[in-house]
Protein chains: 2
Amino acid sequence: MRSDDLPSVRALALFAAMSDESFDTLMQGAFLQWFPPQVTLIEEGHIADFLHVVVDGAVEMIARHGDRETTMAIMEPISTFILAAVLRDSVHLMGARTLARSRILMIPATGIRDAMARDPAFTQAIVWELAGAFRGAVKALKSAKLRTGVERLANWLLVAHDQQGGRGVVRLTIDKRTLAALLGMTPENLSRAFATLRRHGVEVEGREITLAQPSELRRLARPTPLIDDPSL
Amino acid sequence: MRSDDLPSVRALALFAAMSDESFDTLMQGAFLQWFPPQVTLIEEGHIADFLHVVVDGAVEMIARHGDRETTMAIMEPISTFILAAVLRDSVHLMGARTLARSRILMIPATGIRDAMARDPAFTQAIVWELAGAFRGAVKALKSAKLRTGVERLANWLLVAHDQQGGRGVVRLTIDKRTLAALLGMTPENLSRAFATLRRHGVEVEGREITLAQPSELRRLARPTPLIDDPSL
DNA sequence: TCATTAAATTGATAAACATCAATCATTGGG
DNA sequence: CCCAATGATTGATGTTTATCAATTTAATGA
């Protein structure tokens with residue numbers, strides 16, 4: 001790993017408070033690598049060898065069962081995935097695949113566990129990270145259980161809208177098939193959901209989506225921070 | 001809190017490795033209390049004041065949105081709930097209600113955070129607990145997204161069967177309405193799912209369920225450790 | 001034991017969602 | 001620019017699930 005990448009890695013919340021010694025030890029065995037799109041990074045069911053950190057790009061967390069596949073989450077910079085499997089020295093419950101050209105930091109699982117045992121500040125950061133991951137999964141489960149597909153899309157759009165500056169336009173950074181899988185529906189039903197939302201001011205042109213009547217959309221979506229607020 | 005309850009609390013994995021000093025400080029402000037069934041312990045959206053530990057009984061984690069309600073998990077002894085909200089000093093994403101007469105240990109959230117800051121062994125135990133909770137939520141989400149209702153019931157029965165000694169009978173410890181909500185369906189559809197499973201050797205008599213043809217049920221259920229193994 | 005209430009089951013119907021297929025639109029490579 | 005491949009949309013149909021209502025069963029309290 002090139003030494004000019006180190007400061008930006010160090011600035012990540014997970015690593016910021018740990019000691020210099022711990023950080024240097026950890027980075028000895030780590031590597032930061034570019035991957036093209038559609039590369040499988042980890043396989044569901046395999047033992048976790050590395051902690052992965054998305055530094056650039058995007059990674060799709062995938063779950064499969066029989067002939068069925070779903071998208072569990074999209075990891076964007078700067079975020080880790082598979083931390084729990086690493087800490088428990090266990091198997092991945094999900095696979096991961098790059099959605100775009102991505103730069104991924106990979107840190108040996110043993111190094112993470114060793115550093116955690118030695119550096120309390122690092123452990124505290126891990127606690128913070130895990131608590132956030134757990135709450136993210138709870139919110140996803142709530143959405144899946146309490147909302148219809150159309151409602152999930154509407155709320156997804158409102159969140160994306162806020163994250164993109166709230167100027168009436170949402171630019172899709174993922175293809176619609178992946179969005180459908182993330183929202184727990186078929187691509188066909190995503191198209192239909194968009195058609196349903198047309199009456200609520202949602203205009204779709206390829207990857208650009210205009211929210212012409214945001215309050216109308218909000219009325220249908222019924223957002224709640226307890227599901228939709230990424231910071232909660 | 002009576003001092004003869006302390007040893008069994010101390011033996012909980014979360015507290016076992018922490019120092020005596022930390023444990024004593026934590027237990028100063030804690031209390032262990034019996035609650036009758038159907039008592040709301042925490043409300044969704046409220047700030048987390050206490051960490052809760054189910055010592056006896058059972059607690060249902062509930063999520064609500066509008067006029068809809070679902071069961072997110074059933075917490076049985078010995079388990080904690082709401083740890084992530086405590087650690088992040090944030091609001092509950094779920095409510096909790098006793099399902100049976102339950103003995104609950106309540107520890108002030110500030111005490112938990114203080115102890116975590118001071119006692120690395122406690123922090124390590126928290127990491128272990130959080131990692132498990134996250135993986136539990138991921139498995140629940142996978143089940144919700146990848147399986148039909150009938151399949152979820154079938155797998156739930158197989159897991160319960162194993163946990164109850166694998167002798168061909170499952171005894172329901174919760175009412176069927178709650179089981180339905182846990183599995184993400186209406187009570188009516190739970191009845192229908194049981195009727196569907198009759199052809200796979202599942203005989204229902206009130207709260208007692210006989211698995212007359214376990215391998216037939218297994219063939220329909222298609223269990224996978226990556227969703228169904230409680231230890232993974 | 002009996003009456004009342006609550007839970008569970010069953011039936012009918014509607015809504016949400018998936019599957020399959022055909023067509024259209026977009027993208028990427030030669 | 002053209003063509004092939006891929007993604008998206010639309011239509012038809014089937015499946016899963018929810019809702020509503022009626023009936024049956026089980027549990028509870030006096």
*Looking at five pairs on each end of the helix from C:dT1-D:dA30 to C:dG30-D:dC1, what is the angle between the two axes, given to 10 degrees?*
50°
*Could one point to a donor on the side chain of A:E188 or the base of C:dC17 with an acceptor on the other under 3.5 Å away?*
no
*So, is A:T148 close to the C:dA16 phosphate, meaning a side-chain N or O under 4.0 Å from OP1 or OP2?*
no
*Reckon B:G149 touches a base, only the sugar-phosphate, or nothing at all at heavy-atom distances under 4.0 Å?*
sugar-phosphate
*Is there a donor-acceptor contact under 3.5 Å from the side chain of B:R147 to the main chain of B:R152?*
no
_Integer-rounded Å distance: C:dT9 P and B:I209 CD1_ = 9 Å
*Please confirm whether any donor atom in the side chain of A:R192 sits under 3.5 Å from an acceptor in the base of D:dG11, or the reverse.*
yes
*Relative to the 5' end of DNA chain C, which residue comes earlier, B:P187 or A:V150, by the nucleotide with the nearest heavy atom?*
B:P187
*Under 4.0 Å between a side-chain N/O of A:K176 and OP1 or OP2 of D:dT9, yes or no?*
yes
*Between B:L172 (CG) and C:dA8 (P), how many Å, whole number?*
9 Å
*Would you say D:dT17 has OP1 or OP2 under 4.0 Å from some side-chain N or O of B:N189?*
no
_d(CG, B:L197; P, D:dT16) in whole Å_ = 13 Å
